[in-house]
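As structure tokens, the structure follows; a few thoughts come after it.
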Number of protein chains: 2
Amino acid sequence: MTCNPEFQTDRKKEMMAVHDAMDVLNGKWKIYIISSICHYNKRRFSDILNDVIGISNKMLSKELKELEVNKLIKRTVLDTHPVTVQYELTKHGKTLQTIINDLTDWGIRHRREITGKE
Amino acid sequence: MTCNPEFQTDRKKEMMAVHDAMDVLNGKWKIYIISSICHYNKRRFSDILNDVIGISNKMLSKELKELEVNKLIKRTVLDTHPVTVQYELTKHGKTLQTIINDLTDWGIRHRREITGKE
DNA sequence: CCGGATCCCTTGCGATACTG
DNA sequence: CAGTATCGCAAGGGATCCGG
């Protein structure tokens, strides 16, 4: 197997990239939050709170903020009384959809692999 | 937006599937371990220990075992002195490659998105 | 309605030392 | 060489309450 320096740095770059991606998705609820917003296109805080079963407002708030920092979602404060806040995927956020779909498909196949043979 | 029961259960199934997939990849080192084995095809314990910078033998042992339980890798004890152990991806484990590649590509684009514009 | 602040428990993970 | 056992810290995350 090759072992030259270039190969090493290439693999390091790959590792970094995967790490970047995983970092964004990291957190117990992030994918579910994205999935909720994505499905409804636009979604309010309290609605997501209902969609994602089991999440607390603290965690929802925290992970939404992280997603916003990573430019995956856009946060809009609506001028209502009382104030409501709307979230939607950015263009960049939408590029995650295929990833999530692939993960879903793989998860289904994986479950079959594990449960179907033992 | 639709709200019928079927749609609800469909989404729950999706959520479960994503959760299954994420569960398998969960752990600080798992992707790097897979990546190492995958690249070399077959790889020994101590070699992976060197490939994955920073990992301890305890964590390597633990995550390898989890990967084996999930049937992503196959563990083979070689009849040498002292004993060495070889790991390789199963057929099922290899189906993760495309996922990891996609994650890599997305990570690169994401980094550009974040650093390139602010 | 949307979140921030606090408290507390659980889990993940690192360091180190030890065994077949 | 390939793990296992023990300890201990630090981060993650739940429950609850508070404020704009």
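So you know, we letter chains A, B, ... as the sequences are listed, proteins then strands, and number each from 1.
For D:dA2, the OP1/OP2 oxygens have no side-chain nitrogen or oxygen of B:R43 closer than 4.0 Å. Between C:dG3 and A:Y87, a contact under 4.0 Å exists linking OP1 or OP2 to a side-chain N or O. An OP1 or OP2 oxygen of D:dG3 is reached within less than 4.0 angstrom by no side-chain nitrogen or oxygen of B:R44. At the phosphate of C:dC2, OP1 or OP2 sits under 4.0 Å from a side-chain N or O atom of A:S46. Checking the phosphate oxygens (OP1, OP2) of D:dT4, a side-chain nitrogen or oxygen of B:S61 falls inside 4.0 Å.
Candidate nucleotides D:dG14, D:dG3, D:dC1 were compared by shortest atom distance to the side chain of A:S56, and D:dG14 ranks first. For B:K62, whose side chain is taken as the heavy atoms from C-beta onward, the closest listed nucleotide among C:dC13, D:dG14, D:dG3 is C:dC13. Distances from the side chain of B:K28 to the nucleotides D:dA2, C:dG14, D:dG14 place C:dG14 closest.
Formation of a donor-acceptor pair under 3.5 Å by the B:T115 side chain with backbone atoms of B:R111 is found in this model.
One can place CG of B:D51 at 12 Å from P of D:dA2, the figure rounded to the nearest angstrom. Atom pair B:I55:CD1 and C:dC13:C1' shows a separation of 11 Å (rounding to whole Å applied). Regarding B:L49, its CG atom lies at a distance of 12 Å from the P atom of C:dG14, rounded to whole Å. Separating the NZ atom of A:K30 from the P atom of D:dG13 is a distance of 8 Å, rounded to the nearest angstrom. Protein atom CD of B:E66 is 12 Å distant from nucleotide atom C1' of C:dC13, rounded to whole Å. Remark: P of D:dA2 and CG of B:N50 are 10 Å apart, rounded to the nearest angstrom. Rounding to whole angstrom units, CD1 of residue A:I33 and P of C:dC2 are separated by 14 Å. The CE-C1' distance, from B:M59 to D:dA5, rounds to 15 Å in whole Å.
Using a 4.0 Å heavy-atom criterion, one finds that A:K65 contacts the sugar-phosphate atoms exclusively.
Residue-to-nucleotide contacts include a donor-acceptor pair under 3.5 Å from the side chain of B:K58 to the base of C:dG14.
Of the two residues near DNA chain D, A:N57 and A:N26, the one whose nearest nucleotide lies more 5' is A:N26.
Results of the side-chain contact (heavy atoms from CB on, under 4.5 Å) test with A:I33 over A:L49, A:L72, A:I55 single out A:I55 as the only residue that passes.
Closest of all the heavy-atom pairs between A:E63 and A:K30 is OE1-N, 3.0 Å.
For the atom pair A:Y87 OH and A:I48 CD1, the distance stands at 7.0 Å (nearest 0.5 Å).
Under the 4.5 Å side-chain criterion, counting only non-hydrogen atoms from C-beta, A:Y32 is not in contact with B:E14.
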